[in-house]
Amino acid sequence: MEKLIVAGPKRLARELLAELQKAGVVHIDPLRPDELGEYRLSPTEEAELKRWEAVVSQAEQSLAVAGLTPLAGGKQFAGSLEEAEATLRPVARRAEVLGKERAVLEEEIQTIELFGKAVEKLAALVQGLDESPRLGVIPFLLAKPEELEPVRKALQDALGDRFILEAEPLENQVAAVVVVRRGELEQARSSLSRLGLAELRLPGNYGTLSITKAAARMKERAKLAPEELLGIREEITRLSRESKEALLLLWARAKDEVARYKTSADMAAGKYGVALMGWVPQKSKGKVEEALGRLREQIVYTFEPVDEHHEGHQVPVTLENPAWARPFELLHGFLNTPAYGGHDPTLMIAIFFPLFFGIVVGDIGIGLLFLLAALWMAGKARRGETLRIDFLGAAFGPDVLGKLSIIGKWMAGWAIFWGVLYGEFFGTFLEKLRLPGMFGLKDGWRVFYPTGPGYDPEKYYGLIPMVINRLDFAQTANGLMVFAIMFGVFQVLYAFFLRMRLGLKHGHMKHFWEGFGYFSGLVGLVAFAYNFLTQANIAILNIVFVVGIILFLVGVALSREVLMIAELPGKGGQILSYIRLYAVGVAGGVLASLANQVGFGLAERFGFIGGVLGFFIGLILILAIIVITTLGHVIQPIRLLWIEFSTNFGFFEETGRQYKPFKSVKEQNS
């Protein structure tokens with residue numbers, strides 16, 4: 001990253017911003033030197049800004065009515081502000097009218113659906129008495145018929161026999177009315193209120209009508225309103241078809257104009273000149289020079305190298321990862337942006353998260369489900385659709401869905417790969433399923449079959465031998481646990497190596513000695529653990545243990561962090577926590593195996609009917625297990641990378657600024 005300083009005449013301020021916006025690579029920061037004030041818009045510019053903001057607002061409202069998402073294409077509206085307003089005005093007015101009419105009709109139809117049957121029953125009970133000038137009618141709803149008697153008693157206590165109470169059952173409620181003299185309405189309402197009952201109030205225009213009139217109008221409108229709504233929706237579809245391109249072009253142009261006006265406030269200005277400061281990735285300098293070249297005779301600019309030690313906290317960070325790994329930036333971007341000059345964990349996450357997920361899940365069937373979900377998200381992303389999950393209050397746009405689909409495909413691929421090694425398809429289904437002889441295989445063969453000393457080849461045979469039978473604990477448990485711990489040894493030690501390297505790079509020697517101490521101490525502990533657990537008593541490992549502990553104490557002394565002594569066992573525990581890759585996965589495998597045992601057990605005991613019943617019961621159990629365990633299967637692998645790896649090299653200790661270049665809205669949506 002390099003710093004860009006530009007200065008030029010004040011009259012070229014917006015033209016300068018327009019060129020930088022086209023380049024789309026400069027992250028502009030406010031420039032506030034003591035000698036100059038900030039750039040202030042003139043009254044004319046302030047008025048133009050408000051008018052362009054109005055264009056944005058009206059275009060977005062019209063697009064929303066038409067059911068369109070504001071996305072910029074390759075073109076923008078080329079006319080003046082006056083021409084933009086003139087083009088938008090009739091479309092916006094038409095959209096506003098249609099939107100209001102649609103909302104009114106939808107509300108009316110919803111009211112009829114919610115209250116129509118109740119109002120019809122109440123009108124039959126009232127028999128027109130609500131039109132009488134001398135009588136008052138209170139309609140209300142009860143949850144169950146048993147509540148009528150307390151209502152009758154409360155009304156008798158308040159009014160004696162001067163009331164009529166009638167009721168009719170509905171599907172899940174009871175419709176009831178009380179008829180009293182108009183002068184005693186409030187007494188009757190108070191009696192109902194003390195029982196927690198309220199008079200039925202109809203929403204919208206129906207609220208001003210009597211029950212009799214409301215019932216008649218609802219009966220009429222129940223036929224007409226849907227037809228009118230259909231006509232309005234056809235008009236909106238026509239509006240969308242006719243005005244989509246114009247609205248999107250206007251919206252994109254107005255958004256860019258507003259952005260330029262607002263970014264002007266980040267410039268410094270004198271009486272006749274302006275100055276601007278920004279940050280540019282080194283590989284993008286050519287774009288900036290090309291853009292500023294059009295104004296070369298009237299402005300001056302310079303690029304300055306970043307002083308990482310003094311300006312590092314100000315410099316925005318751009319992550320540079322290979323295309324296949326970029327989607328995985330999602331998995332840490334919401335937690336923290338790496339500090340400038342720090343370490344970006346994207347590659348580590350991109351390599352190990354889907355691998356860890358595959359090791360944990362290790363099931364072909366579940367992998368295929370994840371693949372289907374990934375393909376579904378990819379389809380929505382291609383169509384520019386947004387996925388909304390209302391109960392979570394979350395919405396995922398096309399860009400995020402596209403990245404999630406790529407992550408999902410990697411996860412699915414590794415889950416299927418390990419599922420083949422484990423021989424699992426929705427648990428042990430393809431291991432337990434016995435098939436008739438075919439393809440040269442004798443009767444009773446299995447797709448996956450276990451091998452090893454404990455399995456008689458006359459009984460266990462089939463198409464694909466299980467390379468790693470993780471449910472055979474005696475045969476594979478120790479090996480899989482050691483395999484999982486090896487990942488922990490690598491990642492935790494590598495994290496402290498990074499802490500040493502970053503400490504040296506930034507001149508933070510305290511961090512260097514912390515990393516050095518923990519790295520040395522953990523190497524010693526790993527050597528000791530190997531000798532102790534295997535009883536190998538290898539002399540060189542004993543030496544490594546002693547030297548490691550000595551170097552650890554040197555690191556403690558030079559970093560002046562005595563608490564490191566107490567925390568070293570905890571760091572060793574972080575290595576051991578990678579066993580969860582085995583434990584969580586095998587727990588899910590055991591549950592799936594039990595579900596298959598239930599299904600196949602029913603088949604063996606009750607024949608064909610038991611087989612059908614067992615299939616459906618097993619399917620329900622498998623689906624329930626997938627729902628219950630999937631969240632843990634996703635969280636446990638990413639947790640290892642967030643905590644055991646990222647925390648130890650200091651990822652969360654310093655926060656970087658995200659690189660947000662000043663660019664056209666059409667580039668932001670590309």
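All residue numbers in this chain count up from 1 along the given sequence.
- Contact of the L375 side chain with the S405 side chain is not registered, since no non-hydrogen atoms from C-beta on lie closer than 4.5 Å.
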Discussion item. Assess the residue pair E199 and R189 against the criterion (salt bridge (charged side-chain N to carboxylate O under 4.0 Å, His left out)); give the C-alpha distance rounded to whole Å, side-chain angles, the decisive distance to 0.1 Å, and a yes or no.
Written reply: CA-CA 7 Å; E199 182 177 356; R189 287 192 179 113; 2.7 Å; yes
Fill in: Verdict with reasoning, K262 to E257, per salt bridge (charged side-chain N to carboxylate O under 4.0 Å, His left out)
CA-CA 9 Å; K262 291 188 173 181; E257 292 286 349; over 6 Å; no
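- Under the 4.5 Å side-chain criterion, counting only non-hydrogen atoms from C-beta, L621 is in contact with V598.
- Classified by interplanar angle (parallel below 30°, tilted 30° to 60°, perpendicular above 60°), the ring pair F357/F353 is tilted.
- The shortest distance between side-chain heavy atoms of L202 and M218 falls below 4.5 Å.
- Heavy atoms only, all atoms of each residue included: I625 and L591 are closest at CD1-O, 3.2 Å.
- V361 is not listed as a side-chain neighbour of W418, based on a closest heavy-atom distance of 4.5 Å or more.
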Discussion item. Could you go through Q597 and K432, starting from their C-alpha distance and side-chain angles, then the distance that decides it, and tell me whether this counts as side-chain contact (heavy atoms from CB on, under 4.5 Å)?
Written reply: CA-CA 8 Å; Q597 286 182 29; K432 292 184 176 295; 3.7 Å; yes
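- Residue P398 comes nearest to E385 through the heavy atom pair CG-O, 3.5 Å, listed as atom of the first residue, atom of the second, then distance.
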Practice prompt. Kindly indicate, with the supporting measurements, whether the criterion side chain to side chain donor-acceptor pair (under 3.5 Å) is fulfilled by H332 and T346.
Written response: CA-CA 8 Å; H332 67 78; T346 301; 2.7 Å; yes
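- By the 30° and 60° cut-offs, the orientation of the rings of F429 relative to F600 is tilted.
- At least one side-chain heavy atom of Y206 sits under 4.5 Å from a side-chain heavy atom of I112.
- Going from atom CD of E227 over to atom CD1 of I232 covers 13.0 Å, rounded to the nearest 0.5 Å.
- Looking at heavy atoms from C-beta onward, Q61 lies out of side-chain contact with E96 at the 4.5 angstrom threshold.
- Looking at every heavy atom in both residues, D363 comes nearest to F426 through OD1-N, 2.7 Å.
- Rounded to the nearest 0.5 angstrom, Y422 OH and L480 CG are separated by 5.5 Å.
- Here the closest non-hydrogen pair linking A123 and I211 is N-CG2, 3.5 Å.
- Between the side chain of S193 and the backbone N or O of S190 there is no donor-acceptor pair closer than 3.5 Å.
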Worksheet item: Going through the distances and angles, do R94 and E235 end up as a side-chain contact (heavy atoms from CB on, under 4.5 Å)?
Response: CA-CA 10 Å; R94 185 181 172 198; E235 282 292 315; 3.5 Å; yes
Practice prompt. Under the side-chain contact (heavy atoms from CB on, under 4.5 Å) rule, what do L335 and W642 come out as? Steps first, then yes or no, please.
Written response: CA-CA 9 Å; L335 294 172; W642 282 344; 3.4 Å; yes
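- With a 4.5 Å cut-off on side-chain heavy atoms, F163 and R152 count as touching.
- When each of V586, L640, L355 is paired with L581, the side chain to side chain contact (heavy atoms under 4.5 Å, CB included) condition holds for L640 and for no other.
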Practice prompt. Using the side chain to side chain donor-acceptor pair (under 3.5 Å) rule, take Q187 and S191 through it: C-alpha gap first, then chi angles, then the decisive distance, then the call.
Written response: CA-CA 6 Å; Q187 287 178 266; S191 298; over 6 Å; no
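- Contact annotation: the side chain of V447 approaches that of L435 to within less than 4.5 Å [non-hydrogen atoms, C-beta and beyond].
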Worksheet item: Which is it for T212 and E131 under the side chain to side chain donor-acceptor pair (under 3.5 Å) test, yes or no, and what are the steps along the way?
Response: CA-CA 8 Å; T212 301; E131 301 291 329; 4.7 Å; no
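- The nearest pair of heavy atoms linking A188 to L159 is CB-CD1, 4.2 Å.
- R102 contributes a side-chain N or O that, together with a main-chain N or O of V65, makes up a donor-acceptor pair within less than 3.5 Å.
- S593 contributes no side-chain N or O that, together with a main-chain N or O of G427, makes up a donor-acceptor pair within less than 3.5 Å.
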